[in-house]
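The block underneath contains the structure these notes are about, expressed in structure tokens.
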Amino acid sequence: MALSSRYEPHALEEKWQKIWAEKGSFDCDVDSSKPKYFLMEMFPYPSGNIHMGHVRNYSIGDVMARFRRLQGYNVLHPIGWDAFGLPAENAAIKNNTHPGKWTYANIANMRTQLQRMGYSYDWRREVATCRPEYYRWEQEFFLKCLEKGLVYRKKAAQNWCPSCHTVLANEQVIDGKCWRCDSNVEQKDLTQWFFRITAYADELLADLKKLEAGWPARVLTMQNNWIGRSTGAEIAFKLEGAEDVEIRVFSTRADTLFGVTFMTLAPEHPLAEQLIAGRENEEEIRAFIEKTRNMDRLDRQSETLEKEGVFTGAYCINPFTGDRVPVWLGNFVLAEYGTGAVMAVPAHDQRDFEFAKKYGIDLKVVVSPEGQELDPAQMTEAYTEPGFLVNSGEFTGMPNVEGKEAITKKLDETGKGRATVNYRLRDWNLSRQRYWGAPIPVVYCEKCGVQPVKQEDLPVLLPLDVKTCEDGRSPLPDTPSFVETTCPCCGGPARRETDTMDTFVESSWYFARYTAARKEDGAFDMEALKYFMPVDQYIGGVEHAILHLLYSRFFTKMLRDFGYFPADLDEPFKNLLTQGMVLLGGSKMSKSKGNIVDPDAMVKRFGADTVRLFCLFAAPPERDFDWSDAGIEGSFRFVSRVWRMFAEMQDILKPVAACSDLSETSDAAIRDLRRWEHSTAKKVGEDIAERNQFNTAIAAIMELCNAVNQHREALSATEEGRMALSSAMSTILVMLCPFTPHMCEEVWQALGHEDSMDDVRWPEWNEEALKRDVVTIVVQVNGKLRGKVEVPAGSANDVVEQAALAEPSVQNHIEGKAVRKVIVVPGKLVNVVVG
RNA sequence: GCCGGAAUGGUGGAAUUGGUAGACGCAGCGGACUCAAAAUCCGCCGCUCGCAAGAGCUUGUGGGUUCAAGUCCCACUUCCGGUACCA
């Protein structure tokens, strides 16, 4: 079959997509005879159409998947749909349809779009999280959590998004706003279900070390900060006049215990009520508490918030000094962190210092710099540097760092406190007051209380015959057929939980479900998990650095401990690539701004191969890149040029393997082309496998094409020249295959190869072929480039040195000066030092 | 404030272990082909001075180490991201 001189991608792309699907080219099953490679991209939310961000994400993944296949790996490359969630409900309300209908229609459309891109997925393993066959397993996990105490119900102030009518996890509140709709988040007291993610805080933190080799540093840092471990001491202050009541504080500065001059509690602190009852200014204090509680979360957490407080009239007792310590309430103390109470040391904490100045509270210096005495009256700011303890009883004179340990130890020995660790990480609120999500499998019984649904009654199906409410509220509480049930314990009438699970629950384990996606009698298949897990390469946006990636790590550890996962599977994702965004005109593409580049339109114009190639060539994958119409035209020109080269040379090219021509030859042009061919195979392989540098890999292939064009005419004339060209052109084709698979398959077939690209292996470069007869040596004088000399490869240093010194331009620059030193870097460079 | 990351031509970006800065593209300029255009092919393309040969300068700024620095060290500037009354 002859290749037409013009490259026309559309028909051939469709043809090969069909062939791959029919052959099952990308189907992957457990095969212990081959090394596995599990690669996946973050699955999309079925919003309607794929956008350029998806195309970039999945093109990066597909290049890596196809490359690993060429290397002989058994590659698992699955895809699915993160199909529960708010936009479906909103769209359903707007278009007067059902969220499920909307979602499944979008999935159908986007599946076609992905297939048109030629991505090499094992479609048999496709999952959609809104299907009962999927979410029933997470209902099972929930019940297991309940049994093990890793999920619990708690009433507390929650992040409430008034526009989405639901609570949000801490991770979903960005700058005080809803991560989805940007509304200001309010605080609301609600009883909600929580995953006890804090039970894994230590392991989640410690195991970040295991990810250092494969995860970007900044993601590790972000998780580290989010978990926010701080070590310190919990210290008990007895309440004056009520010796059985203790106020416990958490402090990282136990060394300053002797310097405490007041105590501040959060207005929400459980003891507040008891402290203020019956005080003469009780009304005033209550007003303060109310004011603080009602404050907008954003305002309360803002840096500029005026620090305010009110004295309760109560005192507590410093456990070491016996001092009376006045107890205040402060608007800056957070009820949720530590114990909700702070011991204040104004001499050594800037915030306490400012508060004390404002309300006229004394300072007591307990840490001084060496050989210096601090005068509280003269201080303009807190002294927070290291120093030596003063005014600290038996601890006076110690360096404060040692003092911290000594005081903590003494606290422990005397039962007045203990060393402890605090985390910033909160438990994960998983309840959502929304319809389109997985039902939480519990019921409420008047007699028996909260009861788990029986395992054999799973799944609790989300009813589909409901009408979504106009105002966005969940219709579930008003759906008697769903709500009304019987108690699994006593059989009496009971009510179902109408909250659904956060959609991040579904995405916390989908990677593992891929390994046995169609299994009906269990969530996972242990053999498949053992073979495929962990995911060797995960690819997605950095916006999930905390949310999804932290939750998935938590689920992996939890499911491991439940016995669902292999006992040695601690982390789900071995390597993580966080890809940058695709911008247009310097800003994020968005429908509302109207600055969108539609992938479908680009595929129509240039074909999928060009779109894929351009996304990888435009920038390194981690970086944001600005879409450029001129740029994609350049990529189209390159693909067309490669096509044309094959079309023009078709008569002389033989169907040989890549890097196959190694026959002895004295032809310098053949040796030169062969060196290009083999060094490119080496570089491109390393760029893809070790550095994720697809842009430079493509650039190197372009260079090889340029080299072929240079030698083409001369080499076409002889049989050995035609062999060299054939080998080089095969190498180009195999190396391009991960990027532009359709074009490569078509050309490969047209060249008369009996095998298909499915059976081809990545070219193996040959050390011999890389060798040069003559090398160019750069000559510097005093570090400045002054000339170049050619010497036989492997020349002795003194030979190279003589040749360099003999160079006329070098002579000019050393003339009349003394040569002090000559540095020879073999095969590369000579530097003549004169002075 | 703290923690990360970045800064290289007109432009996207290369330079892998300290060893030719600007690979490969894009844009631009000149030429060939064409009646013309598109497509394609060939050539030029960091800045300054110079007719040229050539010389000098150049990787955010200022210092340093080194025969040699985009790369290492110190100080700083700007930008991006994360995080923050966290006790």
Side-chain angles (χ1 to χ4, degrees), chain A residues 5-6 174-175 216-226 228-230 232-233 249-253 256 263-264 266 300-307 330-334 336-345 349-352 354-355 422-424 542-543 545-546 578 614 617-620 622-635 637-638 640-641 644 683 686-687 690-691 693 695-706 709 776-788 809 812 820-835:
Chain A
S5 61
R6 210 182 132 97
I174 316 286
D175 293 334
R218 66 170 173 156
V219 175
L220 297 174
T221 309
M222 281 161 71
Q223 293 219 353
N224 195 38
N225 292 343
W226 188 262
R229 180 188 152 106
S230 58
V249 299
F250 173 72
S251 176
T252 54
R253 292 295 306 273
T256 62
M263 163 89 61
T264 324
R300 183 155 172 202
Q301 302 229 330
S302 96
E303 208 170 339
T304 52
L305 173 75
E306 181 70 21
K307 289 169 194 62
N331 63 354
F332 58 88
V333 182
L334 306 173
E336 325 89 68
Y337 187 76
T339 59
V342 188
M343 67 177 212
V345 187
D349 179 278
Q350 188 58 24
R351 190 191 50 205
D352 295 346
E354 285 163 24
F355 193 86
N422 237 295
Y423 296 94
R424 216 187 69 101
V542 76
E543 67 273 17
I546 296 170
T578 49
F614 176 62
F617 183 58
E622 306 236 353
R623 229 184 279 196
D624 289 350
F625 87 85
D626 218 337
W627 182 267
S628 148
D629 282 333
I632 192 168
E633 279 172 35
S635 291
R637 269 202 291 276
F638 171 66
S640 304
R641 183 157 63 240
R644 212 173 321 112
K683 181 186 164 50
E686 289 169 355
D687 275 354
E690 289 160 34
R691 289 187 280 276
Q693 285 201 61
N695 55 333
T696 52
I698 295 165
I701 299 172
M702 288 173 167
E703 284 183 87
L704 178 56
C705 288
N706 294 342
N709 273 333
T776 303
I777 302 289
V778 170
V779 188
Q780 300 178 332
V781 178
N782 286 346
K784 283 197 160 76
L785 176 68
R786 296 300 179 191
K788 292 174 188 180
S809 61
N812 282 343
R820 292 178 186 232
K821 203 170 170 188
V822 178
I823 286 128
V824 180
V825 182
K828 273 200 170 146
L829 169 143
V830 176
N831 190 11
V832 185
V833 186
V834 297

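Lettering follows sequence order; numbering is per chain, from 1.
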- Item | Gln350(A) CD - rG1(B) C1' separation (whole Å) | 12 Å
- Just compare rG81(B), rG82(B), rC85(B) and give me whichever is closest to any side-chain atom of Arg218(A). rG81(B)
- What integer distance in Å separates Glu543(A):CD from rG82(B):P? 11 Å
- Test side-chain contact (heavy atoms from CB on, under 4.5 Å) applied to Glu543(A) - qualifying residues, sequence neighbours left out: none
- Message: Can you see if the side chain of Arg424(A) gets near the phosphate of rU83(B) - specifically, an N or O under 4.0 Å from OP1 or OP2?
- Response: no
- Give Thr252(A) one of three labels, base, sugar-phosphate or nothing, depending on what nucleic acid heavy atoms sit under 4.0 Å from its own. sugar-phosphate
- Query: Are any side-chain N or O atoms of Asp349(A) and backbone N or O atoms of Ala344(A), one a donor and one an acceptor, separated by less than 3.5 Å?
  - Reply: no
- First of Ala341(A) and Arg644(A) reached from the 5' end of RNA chain B, by closest nucleotide: Arg644(A)
- Query: Whole-Å distance between rC3(B) P and Met222(A) CE?
  - Reply: 16 Å
- Item | Dot-bracket line, read 5' to 3' along RNA chain B, where crossing pairs take [ ] and | marks a partner on another strand, Watson-Crick or G-U under 3.5 Å | (((((((..(((......[....))).(((((.......))))).((((....))))..(((((..]....))))))))))))....
- Item | Torsion-based syn/anti label for rG18(B), 90° from 0 as limit | anti
- Could you state the atom-to-atom distance from NZ of Lys784(A) to P of rG54(B) in whole Å? 17 Å
- Would you kindly give the CG-to-P distance between Asn812(A) and rA55(B), to the nearest whole Å? 8 Å
- Query: On a plain distance test, is the side chain of Lys307(A) in donor-acceptor contact with the base of rC85(B) below 3.5 Å?
  - Reply: yes
- For every nucleotide of nucleotides 12-25 of chain B, 5' to 3': is a protein heavy atom under 4.0 Å from its base (B), only from its sugar-phosphate (S), or from neither (-)? SSSSB--BB--BBS
- Count the heavy atoms of every other residue, nucleotide or ligand shown that sit under 6.0 Å from CZ of Arg691(A), and state whether that count exceeds 12. yes
- Item | Asn225(A) CG to rC2(B) P, straight-line distance once rounded to whole Å | 14 Å
- Task: Using the ring-ring contact (aromatic ring centres under 6.0 Å, His included) rule, take Phe638(A) and Phe617(A) through it: C-alpha gap first, then chi angles, then the decisive distance, then the call.
- Result: CA-CA 11 Å; Phe638(A) 171 66; Phe617(A) 183 58; 7.9 Å; no
- Of Ala630(A) and Ser251(A), whose nearest nucleotide on RNA chain B comes first from the 5' end? Ala630(A)
- Rounding to a whole Å, what distance do you find between Gln223(A):CD and rG4(B):C1'? 14 Å
